[in-house]
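Numbered from 1 within each chain, the chains take letters A, B, ... in sequence-line order.
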2 protein chains.
Amino acid sequence: MKPEIRVLQVGLGPIGLDIARRGVRRKGLRFVGGVDHDPALAGRSLAELLGGEAECEGPILASAELASSACSPDVAVVATTSDLAIVAPMAEGFLRAGVSVVSTCEELIYPFISAPEIASRLDEAGRTGGAACLGTGINPGFVLDLLPAILSAPVDRVDAIRCWRIVDAAVRRGPLQKKVGAGLSVEEFEARVRQGAIGHRGFAESLHLLCSAFGVGTSGATTFIRPVIAEADVVTEHVQVSAGQVAGVHQGAEDRNGRVLLDLKMYVGAQDPHDRIEIDGDPSVRVQVEGGYFGDTATSALVLNAIPGLLRAAPGLRTMLDLPPLHAPPMPA
Amino acid sequence: MKPEIRVLQVGLGPIGLDIARRGVRRKGLRFVGGVDHDPALAGRSLAELLGGEAECEGPILASAELASSACSPDVAVVATTSDLAIVAPMAEGFLRAGVSVVSTCEELIYPFISAPEIASRLDEAGRTGGAACLGTGINPGFVLDLLPAILSAPVDRVDAIRCWRIVDAAVRRGPLQKKVGAGLSVEEFEARVRQGAIGHRGFAESLHLLCSAFGVGTSGATTFIRPVIAEADVVTEHVQVSAGQVAGVHQGAEDRNGRVLLDLKMYVGAQDPHDRIEIDGDPSVRVQVEGGYFGDTATSALVLNAIPGLLRAAPGLRTMLDLPPLHAPPMPA
C-alpha cells in the first residue's frame, strides 16, 4: 500500500476550510495539521473545525514554521491571500524544508513575467529543498489558461485563441458578490478600480501562461476593467442591485496583435453563464462549457487533484503546463 | 538554440504523408528519412514525395532497421497499421536502439489490458534503450479518453462520465466512409462485423484508459456495434447510400456498473456532428465541442504535438495521461 500523503492546511478561511473538508475524505491524503493567524483558532484542532468528521492530528498553530516541524508534512496547501509578496516568503520556507507547496494564490499560477524575482527565488528554493511549488485554481489556473491550451492539442496551426467566462455571481459566496462591485454606483465602482479593490486577481497571469504555450509575446498587451450595469433589479441573499447600478465586473486582456484574448464577466443576474473557447486554426475548435465550471468547488478540487502529480514533479516552481494532466480522484466504490 | 529533433517517418500512406507534410513545416523538427514497404517508393526521397517543399535527407527504405541506423533519428513516427501485433516488434526494435516511438496504432494508446504481454515488452524495451513509446490520435487518444479525464480536473467527486462523438463520415476521406459500412445492406454490415472488418479500432482501449483514471474496473464491460440506417438518400464523393441502407456505424462501450460510457456514431449524412462530455458529480460538468474535432487533421496534429514532451518523458511505455499536457505549437510569426 502506498503511504498516505501528509498535508498541512495553511489558511482556514472559507476556501482553506472547503479544501480541508473535501480533502479529509480523500483516500491517500492525511491532514496532519493547520495554520492560521486568527487567535480564535489557536490551540483548536482541524478535526474540531471540520465538525469532527476528520481524522486530523495536531493543533492549529499560528506559525507555519512551527507547524511544519511539528507535523512533518509532505505538502502544504496554502490558501491565505491573493498577494504573492505575502505568500512567497512562507512558500520559500516550506520549499527549503523539502515541503512541496500548492496554493490558490492567483498570482502564483505564472509569476515569471509579473514577479520574476519572486519566481526565481521560489524556483531556487524548490530545487534546493527537493520540493515543487504550484499555483492553481479554476480561474486563474484552468478555464482561461490550461483548458484552452489543452483543447489545442489536436490543432496543427493556431491563428488565434479567444476565451470567455460569464459567471452569475448571484449563486456564489457573498464576499465574491461584493468583490465584483454588485450594488455600487458607477462612480464608486470606478473609484474602487483605481484603488485596486476591484479586478479579478491573476487575470494577467492567465494571459501570460496561455501566451507562453503559443510563443506569443506579452509586452504591449492591453487590459480593461468596466462595470456591468444592471438592466433590471436583482436581489440575492447578499446584495440588492437596482437597475442602473453596477451588477458586477467585465474584464478583458489581449496580446498586442489580438491573437490571444481573454474576456471575463462576473455579475449578479447573468442570464447565460458559460465558459467558451474558440481556436481559429487548422482545424478550428469551438468548445462550450454549459453553465461554466462552478468556481469555488472547482478551485478546491483542482488543489486536491494536483497534489499527487505535484509530489512526482521535478523540484522547483512548476505551472499547470508542466504537470501530467490532472483529473478527479477514483470514483466512490 | 535547441538542436532539432530528428524524425523518421514510418508508413507513407495518407496519414503518414499528412503527418510528414505538416511536420516538415514545424520549427524544431527535422524529417531525416522515411520507411515504407511499397516497392514503388523504394529509393525515392521524402522531399520528392512531399512535392519538394521539405528539406528532407535520406532515401525511403523498406527496412525500419536500416533506416534507423542510416539516419540516427531521435523519434520514429509509426503510422502503418492498426494491428498492434504487427507494430510492436518494429517499435520494440526502435526502443531498444534508443529511438522513441509515437504511433497512430489505435491499440497502442492503452494496451495494458488488451495486450498485457506486448505492453510489458514495449515498456521493458523502452527502459532498456532509454526511450519512450506512446500511442495517440484523436480517437482513440483524445476525445473519448484524455479529454474527459482532463475535464474532470476541477471535479471533487465523479459519479459517472459519459462521452458521445458523432462524426459525419461524408466529409472525411473515402476509405473511412467504406470502413464504417456506408452503402451496405444490414446483412452485409452484420457479416462484416462478424469478420471484424467493421468496428472502430481502439474503442476498448479508450474505455480502459478512461476507466484507469477513475479507478473503475473494466472486467464485465459491455460493448455493441450496430448499423446506423439512412433515413434518406445520401450521396458523397465516394459512396451512394439509399434510404434503408447502412449509413455508418454506431458503437458503444460501458463498464459493468454503467459509470463510464462511450458512444460513437460515424455515418454519412450525420446532421449534428459534435463531441459531448457529461460528468455527473461535484460539481457536474457539461461540455460540447461544436461540430466535433476534425479527425484526420487532429490525429496528425496530436502526433506532432506529442513529440517534444515524449522526448522528455520517463523511458518506457507511456500513455496520454503520463505526458505533460500537449498543446499546439507556437503561433506563426
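Across every non-hydrogen atom of P324(A) and L321(B), the tightest pair is CB-O, 3.7 Å. Minimum interatomic distance between M331(A) and V216(B) (heavy atoms only, all atoms of both residues): SD-CG2, 3.9 Å. Pairing each heavy atom of V155(B) with each of R26(A), the nearest pair is O-NH2, 4.3 Å.
Within the 4.5 Å cutoff, the side chain of R276(A) has heavy atoms near those of the E290(B) side chain. Residues P332(A) and D159(B) are in side-chain contact: their nearest non-hydrogen atoms beyond the backbone lie under 4.5 Å apart.
Note that CZ of R286(A) and CD of Q288(B) are 14.5 Å apart. Values are rounded to the nearest 0.5 Å. With rounding to the nearest 0.5 Å, the separation of CD1 in I19(A) from CG in D156(B) is 10.5 Å.
Identified by a heavy-atom distance below 4.5 Å to chain A, the contributing residues of residues 131-146 of chain B are I138(B), F142(B), L146(B), in residue-number order. Residues of residues 301-308 of chain B that come closer than 4.5 Å to chain A, counting heavy atoms only, are A301(B), L302(B), L304(B), N305(B), ordered by residue number.
For the set P330(A), P325(A), G291(A), the count of heavy-atom pairs under 4.5 angstrom toward chain B peaks at P325(A). Heavy-atom pairs under 4.5 Å with chain A were tallied for D282(B), D322(B), I161(B); the largest tally goes to D282(B). Among A160(B), G281(B), A213(B), the residue with the largest count of heavy-atom pairs under 4.5 Å with chain A is A213(B). Of the listed residues (P148(B), A298(B), G215(B)), the one with the most heavy-atom contacts under 4.5 Å to chain A is A298(B).
Using a 4.5 Å cut-off between heavy atoms, I277(B) does not touch chain A at all. In this structure, chain B has no heavy atom under 4.5 Å from any part of A313(A). Contact annotation for L151(A): both backbone and side-chain heavy atoms come within less than 4.5 Å of a heavy atom of chain B. For R318(A), no part sits under 4.5 Å from any heavy atom of chain B, backbone or side chain. With a 4.5 Å cut-off on non-hydrogen atoms, V285(A) touches chain B through its side chain but not through its backbone.
Shown here are the ring pair (Phe, Tyr, Trp, His ring centres under 6.0 Å) partners of F214(B), two or more places apart in sequence or in another chain: H327(A). Here R201(B) pairs with E107(B) under the side chain to side chain donor-acceptor pair (under 3.5 Å) rule; sequence neighbours left out.
Side chain of S152(A) to backbone of A328(B): a donor-acceptor contact under 3.5 angstrom is found.
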